[in-house]
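Report on the structure given below.
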Amino acid sequence: MKLDRKEILSALESISIAGEGKNMVESGAVQNVITFGDEVVVDLLLTTPAMHIKKRAEVDIIKVIHEKIYDKAKVKVNIKVEAPEKPQIKGKSIPGISNIIAVSSGKGGVGKSTITANLAVTLANMGFKVGVLDADIYGPSMPIMFDVEKSKPISVDVDGKSKMKPITSYGVEILSIGFFTSPDQAVIWRGPMAAKALNQMIFDADWGELDFMLVDLPPGTGDIHLSIMQSLPITGAVVVSTPQAVALADAKKGVAMFQNESINVPVLGIIENMAYFTPEELPNNKYYIFGKEGAKNLAEDLNVPFLGEVPIVQSIREAGDYGRPAALQTASAVQTAFETLARSVVEETVRRNDNLPPTEAIKITTMAGCSAVKK
Ligand SMILES: Nc1ncnc2c1ncn2[C@@H]1O[C@H](COP(=O)(O)OP(=O)(O)OP(=O)(O)O)[C@@H](O)[C@H]1O
Ligand SMILES: [Mg+2]
């Protein structure tokens, strides 16, 4: 039995690698196909070191060749990984941390924390070094979403200074205001106190090198947000909204807050969460429970990028409660949706860094929390 190289290549065109729109031949991932009688060797170049993506690609290749070409073919897949170019870092404001991205919304409960957790694991799977700073002083969610509720950061010695060591879960470094407060205890935070605690979690912590630090903000656009944001050199903000009118009105306020001249944080874009619902038994139907494309239209109206949409999926909610972000579910629609979203966040961050100078942190100089002056 002599296998035909061209036939194999065209069979491989039916496979796409998770997170890539093009098939593996078109995208250039298939570097070479060699045949010797009934043996096939496929050389594959991947841009992600994620084990499940490598495994999936190998399994798919073997399956397609067995099904479409010859069921007894001896298939060998050689995989080489070459990481994609990292975003260019310009004028970093905190040593070691390249991009700080604030995840916000005007309205509560629209899915900021869910988006933060899933984006974080997706970026980590893409090969980036990722940290999450849970700044939600009203209701920190990251300890639950990453299943590290019982963890307490330890202190480590870095160049003679003692620093907090973030907790690592699913390859993401995490610090949360929740690690330092008891869940039953209502802590009443004032702006400067919250800003101080967050400053410590950034500057007095041993984050190591990070490509992205995602900051999960509390809901709203109040004084506390001003304090938090003015004290951190935030590279850019993403605003999460559902397509519903009440959420959109608040998202608009969120965008305005970042663009306010005393904050001046570039808005990387708007994310539409809970965009639609597709029942499992009717996979081709989309039900627009909260309205259709509201956040997309808002992005257009405000002239800020639309970063993408995430549907309502039961497993997203369940995974959040269970403590394993749903985007980790291999080859799932949820994983693909977050990969697409993560790619736009990376693209917009790169664009922002190419076009704008780094954001300056503003030093809070009064205890009132709102009045602030530039450093
Ligand atoms: N796309 C989705 N599909 C299904 N459930 C979702 C989705 N996004 C969020 N949820 C669920 O909605 C609820 C609210 O989400 P989440 O806690 O992420 O919102 P939030 O904006 O961070 O809320 P808060 O303002 O309280 O911080 C959670 O139970 C979460 O699991
Ligand atoms: Mg939250």
Side-chain angles (χ1 to χ4, degrees), residues 101-122 132-149 172 174-179 181 183 186-187 189 194 198 214-222 224-225 228 237-244 246-251 253-255 257 270-280 286-296 307-329 332-342:
I101 310 232
V103 183
S104 80
S105 70
K107 192 175 178 304
V110 295
K112 281 176 300 302
S113 305
T114 305
I115 299 278
T116 306
N118 283 286
L119 263 185
V121 295
T122 306
V132 167
L133 177 67
D134 181 357
D136 192 344
I137 48 174
Y138 304 123
S141 313
M142 290 307 133
I144 294 184
M145 290 188 177
F146 279 92
D147 193 22
V148 289
E149 266 179 291
V172 175
I174 303 156
L175 276 181
S176 166
I177 212 125
F179 293 145
T181 54
V187 184
W189 294 85
L198 292 172
L214 306 185
V215 184
D216 185 19
L217 288 176
T221 46
I224 206 123
H225 296 81
I228 293 172
V238 300
V239 177
V240 180
S241 184
T242 63
Q244 197 181 3
V246 284
L248 292 168
D250 287 352
K253 284 189 213 152
V255 172
M257 170 179 73
I270 294 180
I271 296 174
E272 181 157 306
N273 188 28
M274 312 196 193
Y276 56 85
F277 175 71
T278 296
E280 239 171 83
K286 285 184 177 177
Y287 296 95
Y288 297 92
I289 293 172
F290 292 116
K292 197 176 173 190
E293 297 182 349
K296 194 174 185 183
L307 296 169
E309 58 184 20
V310 177
I312 303 173
V313 184
Q314 190 168 333
S315 69
I316 295 185
R317 202 269 305 146
E318 285 168 353
D321 291 346
Y322 180 72
R324 189 174 192 279
L328 291 167
Q329 289 158 11
S332 61
V334 173
Q335 186 172 62
T336 309
F338 278 104
E339 279 166 348
T340 309
L341 193 60

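In what follows, every heavy atom counts, from backbone to side chain, and hydrogens, waters and symmetry copies are set aside. Order of listing sets the numbers, starting from 1, for every ligand and every atom in it.
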Next on the checklist: Tell me the closest heavy-atom pair linking Ala342 and Leu119, and the distance in Å.
Outcome noted: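 Shortest heavy-atom separation between Ala342 and Leu119 comes out as CA-CD2, 3.7 Å.
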Checklist entry - Is the shortest heavy-atom distance from the side chain of Thr221 to the side chain of Asp250 under 4.5 Å? => result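 They are not in side-chain contact.
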Got a list of side-chain donor-acceptor pairs under 3.5 Å for residues 320-329, not counting sequence neighbours?
from: Asp321; atom 1: OD2; to: Arg317; atom 2: NH1; distance (Å): 2.8

Next on the checklist: Within less than 2.8 Å, report the number of protein N/O/S atoms around the Mg ion (ligand 2).
Outcome noted: 1
Item to check | Working for side-chain contact (heavy atoms from CB on, under 4.5 Å), residues Ser241 and Leu248 | outcome: CA-CA 6 Å; Ser241 184; Leu248 292 168; 3.6 Å; yes
Item to check | For Met142, all residues meeting side chain to side chain contact (heavy atoms under 4.5 Å, CB included), sequence neighbours excluded | outcome: Ser113, Thr116, Ala117, Val132, Asp134, Met145, Phe146, Ile174, Asp216
Item to check | Trace of the side-chain contact (heavy atoms from CB on, under 4.5 Å) decision for Phe338 with Val121 | outcome: CA-CA 9 Å; Phe338 278 104; Val121 295; over 6 Å; no
Next on the checklist: Distance under 4.0 Å, heavy atoms only, partner ligand 1: which residues pass?
Outcome noted: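 Within 4.0 Å of ligand 1, the protein residues are Gly108, Gly109, Val110, Gly111, Lys112, Ser113, Thr114, Asp136, Met145, Pro219, Asn273, Met274, Val310, Pro311, Ile312, Val313, Ile316, Arg317.
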Item to check | Full working for side-chain contact (heavy atoms from CB on, under 4.5 Å) between Asn273 and Val110 | outcome: CA-CA 7 Å; Asn273 188 28; Val110 295; 5.7 Å; no
Item to check | Worked check of side-chain contact (heavy atoms from CB on, under 4.5 Å) between Leu341 and Thr122 | outcome: CA-CA 9 Å; Leu341 193 60; Thr122 306; over 6 Å; no
Next on the checklist: Let me confirm one number: the OH-CD1 distance from Tyr276 to Ile312, rounded to the nearest 0.5 Å.
Outcome noted: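 One finds 10.5 Å between OH of Tyr276 and CD1 of Ile312.
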